[in-house]
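These notes are about the structure you will find just below.
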Amino acid sequence: MTSSKVFVAPEDGWFEFIGLAASGKGGSTSTMMHGKQYAAGGGGGGSGGIVVCIFALHKGESVSLSVSTNVTISKDSETATATQGGGGQNGTLDRQHNYAFGGPGGVGGNASGGNTANQPGETGGRGGSIEYNDDIPVSSVYGVGAVNTYSGYSTVGGAGNNSSGSTAYIVVLRGNTNLPLSQLNALELSGLMLEMNYVFQEQTEMLMQSTQ
């Protein structure tokens, strides 16, 4: 979900909410020709925070989902919030001394209140600085955008060439606890049989050791 809404459970079951805040934009890379060619890379954007909540919901129960650059997941008295990663700073050039300075990376976003996970973002990579020529690409000084990943879902900061970071979104996943009773009983029975087989194997090993 990329916009705010109220999620209403379509059926009884467990639901997982993964909120990923936006990541920061990369800074700008600057170049100059002053006798020689110089480049100062922009810093990479910081990655947004990630919060995760799991709720047991009855059909018709609701969870409020707020999505802007930050994300908020709210149910009753529980509120989880992840904040946006910071933008990388621009690379700067010192024309007086013919020197380039790479921009610092943006800071990572924060995460709090999740009942399953609170994963803060990472700081973006600092931009580089070079005296370059046609054999050295300016892209080599771009700061790398930071990445924050949970269960295969990611939010990524922009690279240090003024690239945009990921926008915020919330993923809703449904659990399997609302399976038919017969199927749940079959799963529980299979689990018990596996446990019994394991105990029987241990007992057999103990008996074999005692007879040696």
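Shown here for A168 and V67, the closest heavy-atom pair between the two residues is O-CG1, 3.6 Å. S4 approaches S66 most closely through the heavy-atom pair OG-CA, 3.4 Å. Here the closest heavy-atom approach between residue G19 and residue V71 is recorded as C-CG2, 3.7 Å. When all heavy atoms are compared, the tightest approach of S129 to V141 is N-CG1, 4.0 Å. Closest of all the heavy-atom pairs between G114 and A80 is N-CB, 3.6 Å. Here the closest heavy-atom approach between residue A111 and residue P120 is recorded as CB-N, 4.1 Å.
Taking CG from N110 and CD1 from I50, the interatomic distance works out to 13.0 Å, rounded to the nearest 0.5 Å. Put simply, CG on L20 and OG on S154 are 7.5 Å apart, with the number rounded to the nearest 0.5 Å. Rounding to the nearest 0.5 Å gives a distance of 10.0 Å between CG of L65 and OG of S3. How far CG of N118 is from SG of C53: 7.5 Å, rounded to the nearest 0.5 Å.
The backbone N or O of G160 lies less than 3.5 Å from a partner atom in the side chain of T29, making a donor-acceptor pair. Under the 3.5 Å distance criterion, the side-chain polar atoms of N161 are left unmatched by any main-chain donor or acceptor of G42. Between the side chain of D12 and the main chain of K59, a donor-acceptor pair closer than 3.5 Å is present. In terms of modelled atom types and a separation under 3.5 Å, the side chain of N90 and the main chain of S28 share a donor-acceptor contact. The closest donor-acceptor contact from the side chain of T69 to the backbone of Q84 lies at 3.5 Å or more, if one exists at all. Although no hydrogens or angles enter the test, the distance criterion places a donor-acceptor pair under 3.5 Å between the side chain of T155 and the main chain of A21. At distances below 3.5 Å, at least one donor-acceptor pair connects side-chain atoms of S30 with backbone N or O atoms of G91. Listed for the Q119 side chain is a donor-acceptor partner under 3.5 Å among the backbone atoms of T149. Within the 3.5 Å criterion, the main-chain N or O of K75 finds no donor-acceptor partner in the side chain of E78. Using a distance-only test at 3.5 Å, with no hydrogens or angles considered, no donor-acceptor pair links the side chain of N148 to the main chain of E122.
V8 and I170 end up in different hydrophobic clusters when Ile, Leu, Val, Met, Phe, Trp and Tyr side chains are linked at under 4.5 Å. By the rule that hydrophobic residues join a cluster once side-chain heavy atoms approach within less than 4.5 Å of another member, V52 and W14 end up as members of separate clusters.
Residues F55 and V63 have side chains in contact (heavy-atom distance under 4.5 Å, counting atoms from C-beta outward). The side-chain heavy atoms of V51 and I73, taken from C-beta on, include a pair separated by under 4.5 Å. V171 has its side chain within reach of Y169: a pair of non-hydrogen atoms, C-beta onward, lies under 4.5 Å apart. Proximity of I18 to Y150: side-chain heavy atoms (C-beta onward) are separated by under 4.5 Å at one or more points.
Classification of R174 and E16 as a salt-bridged pair fails, no side-chain N sitting under 4.0 Å from a carboxylate O.
Ring-plane geometry between F7 and F17 is classed as perpendicular, the angle between the planes exceeding 60 degrees on a 0 to 90 degree scale with a lower cut at 30.
Enclosure of atom OH in Y153 is not indicated, since only 12 or fewer non-hydrogen atoms of other residues, nucleotides or ligands lie within 6.0 angstrom.
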